[in-house]
There are 2 protein chains.
Amino acid sequence: MMDERRKAILRVVVEEYIETAQPVGSTHVARAPHVAVSPATVRNDMVALEQEGYLHQPHTSAGRVPTDKGYRFFVDTLVQPGPLDETELQQVGSFFAKAHGALEEMLHDTSRLLSGLTDYASVVVGEPPEDATVRSVQLVGLGARHVLVVAVLSNGAVTKAHLELADEIGEGRLAAATAHLSRWLIGRPLSDLPPVPPSGDSLVDAADAAAVSALRSAAQRPDPEQVFVGGASRMAAAFDAVDSVRRVLGILEQQYVVVGLLRDVLDRGLSVAIGGEHGVESLLECSVVVAPYEVEGEVAGAIGVLGPTRMHYPKALAAVAMVSQRLGRRLSDDA
Amino acid sequence: MMDERRKAILRVVVEEYIETAQPVGSTHVARAPHVAVSPATVRNDMVALEQEGYLHQPHTSAGRVPTDKGYRFFVDTLVQPGPLDETELQQVGSFFAKAHGALEEMLHDTSRLLSGLTDYASVVVGEPPEDATVRSVQLVGLGARHVLVVAVLSNGAVTKAHLELADEIGEGRLAAATAHLSRWLIGRPLSDLPPVPPSGDSLVDAADAAAVSALRSAAQRPDPEQVFVGGASRMAAAFDAVDSVRRVLGILEQQYVVVGLLRDVLDRGLSVAIGGEHGVESLLECSVVVAPYEVEGEVAGAIGVLGPTRMHYPKALAAVAMVSQRLGRRLSDDA
DNA sequence: TCCGGCACTCGATAGCATCGAGTGCCAGCC
DNA sequence: GGCTGGCACTCGATGCTATCGAGTGCCGGA
């Protein structure tokens with residue numbers, strides 16, 4: 001029941017609505033180049049498309065608007081990531097050419113790049129720390145019983161945690177604790193730190209045990225320094241009710257929700273969640289385009305774009321695909 | 001010509017407008033308890049207040065709205081930070097009672113606390129790194145010619161920078177470079193790092209020089225990990241035009257603007273910038289309430305609240321004053 | 001100096017007619 | 001059988017007018 005003509009009609013409705021945000025009428029559709037039938041025929045097909053749930057009519061005598069199902073069909077079978085245009089390609093190219101610096105900086109800038117390309121909000125999350133191994137670990141005294149444990153991971157991330165010990169510990173013993181800790185932790189994945197065997201000095205052991213447990217719990221929660229959200233102000237322009245903006249902002253501020261959104265689709269490659277599909281109530285009016293990026297063949301994180309359901313999917317898909325690929329390649333070079 | 005009655009009238013107009021966002025008429029004002037005159041008299045005074053620039057009339061036959069000058073007078077002479085109410089005091093108390101963990105975490109949570117208390121956007125910036133001294137410095141290899149320099153500062157902050165060396169460097173020499181670097185940098189303020197004298201090994205010297213210059217430039221720019229902005233979604237509710245929301249969001253995303261805003265008033269103690277006073281064009285409709293916080297007698301950073309010009313000043317002032325004081329005290333305890 | 005009274009202003013609201021984009025349906029045509 | 005032109009109908013949007021009422025400015029009297 002979805003013959004070629006109906007597909008063409010659905011496509012025109014979706015494309016038109018994305019552009020104008022106005023319900024699309026049969027006359028407009030009939031005028032489009034690839035629909036060579038009269039408005040009356042278009043109307044008949046639109047009734048069918050509405051009954052099958054692809055379109056929706058806000059009220060009698062208004063044009064049609066795509067439903068989530070309509071967008072879904074559009075994304076799945078009517079569109080493939082169109083190529084980016086010249087200037088955008090150049091933008092991406094020059095970005096990765098001059099990008100440099102630490103992992104965090106790179107991810108942060110990538111998020112800005114993505115919102116710049118799409119004019120929607122963007123999210124970049126780095127590698128879940130549990131997959132990285134420890135390159136270096138150090139205890140630094142901050143006076144009295146306060147100690148900072150700093151670990152450098154194989155992906156270039158730095159994890160730190162604050163410890164408050166039961167007893168004071170001097171510089172010398174801190175150094176001993178660092179050395180002992182290093183012997184047992186370096187090279188181990190953060191997700192699977194072994195208990196550190198006793199060293200014979202109870203103060204040292206206490207510090208090391210505290211450090212290990214702090215690092216372990218750091219491995220659990222998503223590192224806030226590896227999550228980058230950008231372009232919220234651009235996205236605001238795509239909504240016309242302050243209330244919608246507020247809801248979406250509220251979600252973007254709750255990083256764990258955003259991270260969850262991205263993690264959910266990590267193994268599906270480039271993918272799209274439309275309207276209610278992602279199951280976050282406040283984002284009913286939103287769609288998310290996500291792709292993982294790979295460093296040396298391993299999934300190392302994900303990037304995504306969040307915009308209104310009527311977002312410009314071809315562009316968003318193209319941008320996310322392109323950037324995730326380039327980012328992965330770039331980070332592989334470095335390592 | 002600002003006698004007591006006019007002050008009272010101005011106060012009522014400001015308070016009323018803050019609450020309702022509607023122009024305030026003479027009748028409302030006359031009904032207020034501390035204004036014991038008739039509406040007609042109030043009107044006469046309102047004309048005077050308008051001529052002197054404290055009030056504004058959107059159009060003939062509408063009520064009056066405070067001007068920036070009106071808010072300024074209100075803030076300067078009509079209001080002192082009223083005490084917080086019970087539940088809020090409790091909120092602050094329990095927050096600082098159970099707050100723990102690293103500096104960054106604390107500042108981040110403080111920002112959330114502030115927006116929770118005031119329902120506006122909040123900003124917390126940590127110590128400008130140049131005032132801190134180096135507690136520890138370490139070079140960690142990340143494979144090939146990539147090295148990460150990690151420095152722990154006296155305030156518990158961790159600065160890192162990514163180096164790309166001209167030549168490969170092995171683990172042993174990295175350790176030597178770390179040791180050499182430590183000898184010269186530890187205890188020095190980040191703002192005034194000395195050049196490291198030659199060690200006799202050119203590779204080591206190259207790494208150390210690169211590290212020093214990276215740290216120096218890190219000292220320049222505000223550390224993005226020490227700037228925390230929160231509650232943007234709450235603030236959105238206070239505006240009714242999507243466009244205003246967009247403008248303000250745009251500013252909040254540009255951290256250097258926000259940081260500048262706070263730094264400007266650091267030495268003025270608790271202070272308020274109303275409407276155009278802070279000189280940021282996109283924030284004409286906004287006010288900022290800022291206070292520095294002190295750790296052991298030294299200014300260590302600043303916190304602030306950003307809301308519409310018609311923000312609830314007594315509450316905002318009280319919250320900012322209270323939180324900055326408690327935060328400073330809390331951080332002093334730790335150190 | 002204050003206040004009551006009064007004419008006036010002007011945005012907001014409601015009612016009403018009009019317009020027009022869009023629909024559904026039907027009868028005729030290929 | 002499928003497509004199309006024609007046609008009556010729906011209903012939001014637009015615009016006009018009348019009305020309402022909160023609020024003002026001003027004046028004259030207490």
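A note on names: the letters A, B, ... follow the listed sequences, proteins ahead of strands, and every chain is numbered from 1. All heavy atoms count here, side chains included; hydrogens, waters and symmetry mates do not.
Of the two residues contacting DNA chain C, namely Gly63(A) and Asp45(B), the nearest-nucleotide position lying further toward the 5' end is that of Asp45(B).
Across all strands shown, Ala40(B) has heavy atoms under 4.0 Å from base atoms, whether or not it also approaches the sugar-phosphate.
Around CZ of Arg112(B), the count of heavy atoms belonging to other residues, nucleotides or ligands within 6.0 Å does not exceed 12. Atom CG of Asp240(B) has 12 or fewer neighbouring heavy atoms from other residues, nucleotides or ligands inside a 6.0 Å radius. Other residues, nucleotides and ligands place more than 12 heavy atoms under 6.0 Å from the CD atom of Gln254(A).
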Quiz item: Base, backbone or nothing for each nucleotide of nucleotides 11-19 of chain C, written B, S, -, heavy atoms under 4.0 angstrom, 5' to 3'?
Solution: S--------
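Remark: Arg64(A) is in phosphate contact with dG24(C), judged by side-chain N or O atoms under 4.0 Å from OP1 or OP2.
Using cut-offs of 30° and 60° for the angle between ring planes, the Tyr71(A) and Tyr313(A) rings count as tilted.
Between the side chain of Arg6(A) and the backbone N or O of Leu49(A), no donor-acceptor pair lies under 3.5 Å.
As rounded to whole Å, 15 Å separates atom P of dA27(C) from atom CG of Asn44(A).
The footprint of chain B on DNA chain D, defined by a heavy-atom cutoff below 4.0 Å, extends from dG23(D) to dC26(D).
A salt bridge does not link Asp3(B) to Lys7(B): none of the charged side-chain nitrogens sits closer than 4.0 Å to a carboxylate oxygen.
A side chain to side chain contact (heavy atoms under 4.5 Å, CB included) with Val29(B) is found for one member of Asp45(B), Thr41(B), Val37(B), Val24(B) and no other, namely Val24(B).
Looking at heavy atoms from C-beta onward, Thr20(B) lies in side-chain contact with Glu16(B) at the 4.5 angstrom threshold.
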